[in-house]
Amino acid sequence: GAVVSQHPSRVICKSGTSVKIECRSLDFQATTMFWYRQFPKQSLMLMATSNEGSKATYEQGVEKDKFLINHASLTLSTLTVTSAHPEDSSFYICSARAFLAGVYEQYFGPGTRLTVT
Amino acid sequence: EDQVTQSPEALRLQEGESSSLNCSYTVSGLRGLFWYRQDPGKGPEFLFTLYSAGEEKEKERLKATLTKKESFLHITAPKPEDSATYLCAVETGANSKLTFGKGITLSVRP
């Protein structure tokens with residue numbers, strides 16, 4: 001299967017600061033990556049779709065100025081949480097779409113735990 | 001609006017006790033149905049993708065099936081290491097967006 005990495009795995013930041021999370025496809029190229037958010041004991045909620053070389057598409061209710069997404073290459077997408085507040089504390093997970101064995105699959109990274117104090 | 005419902009919410013099995021997890025869906029234009037396994041504090045691990053009604057896929061003790069309205073994940077003779085949350089998701093739309101169910105938390109007692 002395809003491997004997706006995320007960095008950092010955990011981050012603690014102070015309220016009002018910005019945090020950048022990286023998502024990389026390690027052994028394949030991904031024209032499309034996705035960013036999700038997961039609260040404790042809840043399922044994944046799609047935040048935005050990131051396409052290489054173009055602007056991200058945000059889901060309804062997600063503030064594009066707060067969650068900045070950049071997909072500058074076929075193997076890297078970044079999510080920057082700007083002016084973070086405690087309510088932004090969550091588990092952020094990215095996924096990448098891979099074409100393997102003739103079909104498209106979506107593979108997920110290990111997630112980033114963000115805690116805003 | 002696409003909807004995915006998983007049942008039961010939680011399932012406790014004795015080791016060796018086979019069972020099935022259900023995922024029912026209401027979508028317009030299904031492109032694929034995905035099953036993932038998620039352990040606490042980790043990202044989802046890909047298990048299967050099913051594309052058309054009647055399709056079945058197997059991997060070790062797991063077997064996934066698909067009809068026009070639902071999918072089942074059958075677990076045969078589970079072991080404690082199968083304990084995890086199992087997520088079902090449907091892929092729809094031109095941008096391949098995934099909509100997830102709430103997941104089923106499986107606990108297998110030795």
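Reminder, nothing fancy here: chain letters follow the sequence lines and each chain counts from 1.
- For the set A:Glu59, A:Gln106, A:Lys41, A:Gln42, the count of heavy-atom pairs under 4.5 angstrom toward chain B peaks at A:Gln106.
- Between the side chains of A:Ser77 and A:Ser50, at least one donor-acceptor pair of N or O atoms lies under 3.5 Å.
- In this structure, no portion of A:Gln6 lies under 4.5 Å from any heavy atom of chain B.
- For chain A, no part of B:Gln6 is nearby; none of its heavy atoms comes within less than 4.5 Å.
- In this structure, A:Phe91 has its ring center at least 6.0 angstrom away from the ring center of A:Tyr36.
- Residue B:Glu45: no heavy atom, backbone or side chain, is found under 4.5 Å from chain A.
- Contacts between A:Leu44 and chain B at a heavy-atom distance below 4.5 Å involve backbone atoms as well as side-chain atoms.
- Side chain of A:Ser90 to main chain of A:Gln38: a donor-acceptor pair is present (N/O by atom type, distance under 3.5 Å, no hydrogens or angles).
- A salt bridge is absent between B:Lys97 and B:Asp2; no separation between the charged side-chain nitrogens and carboxylate oxygens falls under 4.0 Å.
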B:Phe48/B:Phe34 under ring-ring contact (aromatic ring centres under 6.0 Å, His included): CA gap, chis, key distance, verdict: CA-CA 6 Å; B:Phe48 304 108; B:Phe34 292 72; over 10 Å; no
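- Taking 4.5 Å as the heavy-atom cut-off, the residues of residues 22-32 of chain B that approach chain A are B:Arg31, ordered by number.
- Separation of the A:Phe67 and A:Tyr58 ring centroids does not fall under the 6.0 Å cut-off.
- No side-chain donor-acceptor contact under 3.5 Å links A:Gln29 and A:Glu52.
- One finds no salt bridge joining A:Lys20 and A:Glu22 here, because no Lys/Arg side-chain nitrogen approaches an Asp/Glu carboxylate oxygen to under 4.0 Å.
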